[in-house]
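Residue numbers start from 1 in every chain, and the chains themselves are labelled A, B, ... in the order their sequence lines are given, proteins ahead of strands. Below, each value reflects all heavy atoms present in this structure, side chains not excepted, and no hydrogens, waters or symmetry copies.
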Amino acid sequence: MISIPMALLITATLGSVFAGLTCSIAGVFVVRLNMASIGFCMSHAAFAGAAFGVLIEIDPLLTAMLFSSIAAVLLSPVASRAKLSTDVVIGIIFSLMIALAFIFLNLSPGEAASGSALRILWGSIFAVSEFDVLYLAILSVAIISFVILFYKEILSLLFNRKLAEAAGINTYVFMLVIVFMTGLAVSFSLKLVGGLLVYALIINPTSTAYQYFWDFRKIMIFSPLIGVASCIAGFTFSLETDFPIGASIVIVSAALLTVSIVISPKRRTAKGRA
Amino acid sequence: MRAEQMRMEDETIRLERVSTVYEGERIPAIREVDISVHGGDFVCIVGPNGSGKTTLLETINGILRYTSGHGSVFGMEITSNGSAIRKRIGYVIQNFEIDPLSPFLCKNVVMSGRTGKIGLLRFPEADDWDAVRESMIRVGMERWWSRPIGKLSGGEFQKILIARALAQEPDVYLLDEPYANLDIRSRHEISELLTEIHVAGPTLLMVSHDVSSIPSSCTHIIVMDRGSIVGSGSATEVIESGVIDKALGMRRPNL
Ligand SMILES: Nc1ncnc2c1ncn2[C@@H]1O[C@H](COP(=O)(O)OP(=O)(O)OP(=O)(O)O)[C@@H](O)[C@H]1O
Ligand SMILES: [Mg+2]
């Protein structure tokens, strides 16, 4: 157990709460809309972007946002041609982004830079400023409002995009907002969780909630709760063990998901499954 | 002259030489299609697999953009008024596959048909839920109110999709193979339901590749083959003309 100043502890705790919340709500969309490949690319593009920020010595948050937005524009489902198979995505984009990130980090001069480079890699509570927490808080409010105000449109879209379009919903705009919010959630959470791991925070909590609930409203409520719980538990775990916070969060959320898949009440009663 | 004008006004769907080419394709999936459907018509579209029936329906509700010609629904040009038109059209989609773990309940799926109609920044109210309940009763699915959608059988799911369109209370129904997965009794029930809807006023366009399943209340038939309309007219005319048999490749047994 390392001793940490109170102010930092509060910043890190709030950061964990908001990162867990935003990423796991984004995850509900990413999973239901089969955007896993796009989410994956955006996360790693954000990572390469953050590394680029370290290299040119500006706030990695900005470059992470820039890179993930570029990835989103290039791959967006909105552009509808992005029917990329997961193999292609992992084979090309993931390796390319990681390679870029490592080149940027390698080029970054000096001791201090290599410290911040490592933080970008697996996250650190020391990398999170009050401003980062503020941005995450604003994003949390925005995402929650989006979900509440447009709940019926979201449900319709996530059930089936074509039927939602056929019912008169402008699905293009909704997809755009969702992709954009996912990019922000990834970019804002990156410093805390780390570029290599932020994707897990998107996928794991919602996948966990999926193991228990048939009702979309419950998925929408429990995914962020599980996300927040994973982040807080991961943070505590990292204080105890001195592991990097990102790694601890991912271990906790992966463990929750694994246990849930094993005991899943839903899988046991689902049609056509053992 | 005056009578002609009246007819024009009550023309619900009008396509003039409309062709639709899928992105990346060269051959149009529907080609130079002319259609005129009036309010209250019950049109059956028949044709073999791949003849462009689904493409035609999705061109009418604007989910697919037509690439040439001119199309209007409710007197509005389709491409530029897409979502206004779609709010008034109920669509029952063909061959819908559902993930067995899908986290949606029947009542929510049926309600989702009304989403566009209710409008942005409004929440479903008591009348909306009444409409949902009423629709589920009409397809005989009220006992599955809170049933997870992934646990339904194929036929039950098809009925929920029909209820979803009913709940929208649209002026036009586009039904793509509504009998898919239904057993004979359910076909019969849905066929009666479609007749009831027809009698109540809305316009229906129903796709089927099975001539024997055409409800007797159907007023017009359109026969499609390879993207073109090869026959159309009143139901009795078309059936007697033999064009359906030709398009569907059916041969009278030579005895
Ligand atoms: N997304 C698509 N991209 C390219 N071509 C398509 C697409 N969807 C359909 N087509 C082609 O357009 C033609 C018409 O297809 P459509 O789905 O409208 O036929 P259909 O009459 O509904 O057939 P079925 O009875 O099998 O449902 C077919 O040749 C098909 O291969
Ligand atoms: Mg079809």
Requested in this report: State, yes or no, whether a side-chain contact exists between A:Lys152 and B:Met111 at a heavy-atom distance under 4.5 Å.
Outcome: no
Report task. Return the minimal non-hydrogen interatomic distance between B:Gly113 and A:Ala167, and the atom names on each side. Result -> O-CB, 4.0 Å
Report summary line: For B:Ser83 and A:Gly168, the nearest pair of non-hydrogen atoms, with its separation, is CB-O, 3.6 Å
Requested in this report: Below 4.5 Å from any heavy atom of chain B, which atoms of A:Leu155 appear? Answer side chain, backbone, both or neither.
Outcome: both
Query raised in the report: Most heavy-atom pairs under 4.5 angstrom with chain A, which of B:Val92, B:Asn61, B:Leu121, B:Ile85?
Result: B:Leu121
Query raised in the report: Hey, which of A:Leu163, A:Leu149, A:Ile219, A:Asp215 has the most heavy atom pairs under 4.5 Å with chain B?
Result: A:Leu163
**Report entry** Portion of A:Lys218 that has a non-hydrogen atom of chain B nearer than 4.5 angstrom
**Finding:** neither
Query raised in the report: Where on B:Asn108 is there a heavy atom nearer than 4.5 Å to chain A: the side chain, the backbone, both, or neither?
Result: both
**Report entry** side chain to side chain contact (heavy atoms under 4.5 Å, CB included) between A:Ile169 and B:Leu120, worked out
**Finding:** CA-CA 9 Å; A:Ile169 299 170; B:Leu120 288 174; over 6 Å; no
Query - Side-chain (A:Lys266) to main-chain (B:Leu101) donor-acceptor, under 3.5 angstrom - result: yes
Query raised in the report: Just wondering, are more than 12 heavy atoms of other shown residues or ligands nearer than 6.0 Å to CZ in B:Phe74?
Result: yes
Query raised in the report: Which residue out of B:Lys117, B:Lys87, B:Arg164, B:Arg114 racks up the most heavy-atom pairs below 4.5 Å with chain A?
Result: B:Arg164
Report task. Would you mind telling me which of B:Arg88, B:Glu58, B:Gln168 has the largest number of heavy-atom pairs within less than 4.5 Å of chain A? Result -> B:Glu58
Query raised in the report: So what's closer than 4.5 Å to chain B heavy atoms on A:Ala209: side chain, backbone, both or neither?
Result: neither
Query raised in the report: Relative to chain B, which segment of A:Tyr151 carries a heavy atom at a distance below 4.5 Å: side chain, backbone, both, or neither?
Result: neither
Query raised in the report: Which bit of B:Leu174 comes within less than 4.5 Å of chain A, counting heavy atoms only: side chain, backbone, both or neither?
Result: neither
Query raised in the report: Hey, does B:Phe104 have a side-chain heavy atom less than 4.5 Å from the side chain of A:Arg32?
Result: yes
Query raised in the report: What class does the angle between the rings of B:Phe96 and A:Phe159 fall in, given that below 30° is parallel, 30 to 60° is tilted and above 60° is perpendicular?
Result: parallel
**Report entry** Interface moiety of A:Leu158 toward chain B, non-hydrogen atoms closer than 4.5 Å
**Finding:** both
Query - Atom group of A:Asn170 that falls short of 4.5 Å from chain B, counting heavy atoms - result: neither
**Report entry** side chain to side chain contact (heavy atoms under 4.5 Å, CB included) assessment of B:Ile98 paired with A:Asn160
**Finding:** CA-CA 10 Å; B:Ile98 191 90; A:Asn160 182 269; over 6 Å; no
Requested in this report: Report yes if some heavy atom in the side chain of A:Trp214 is under 4.5 Å from a heavy atom in the side chain of B:Arg147; otherwise report no.
Outcome: no
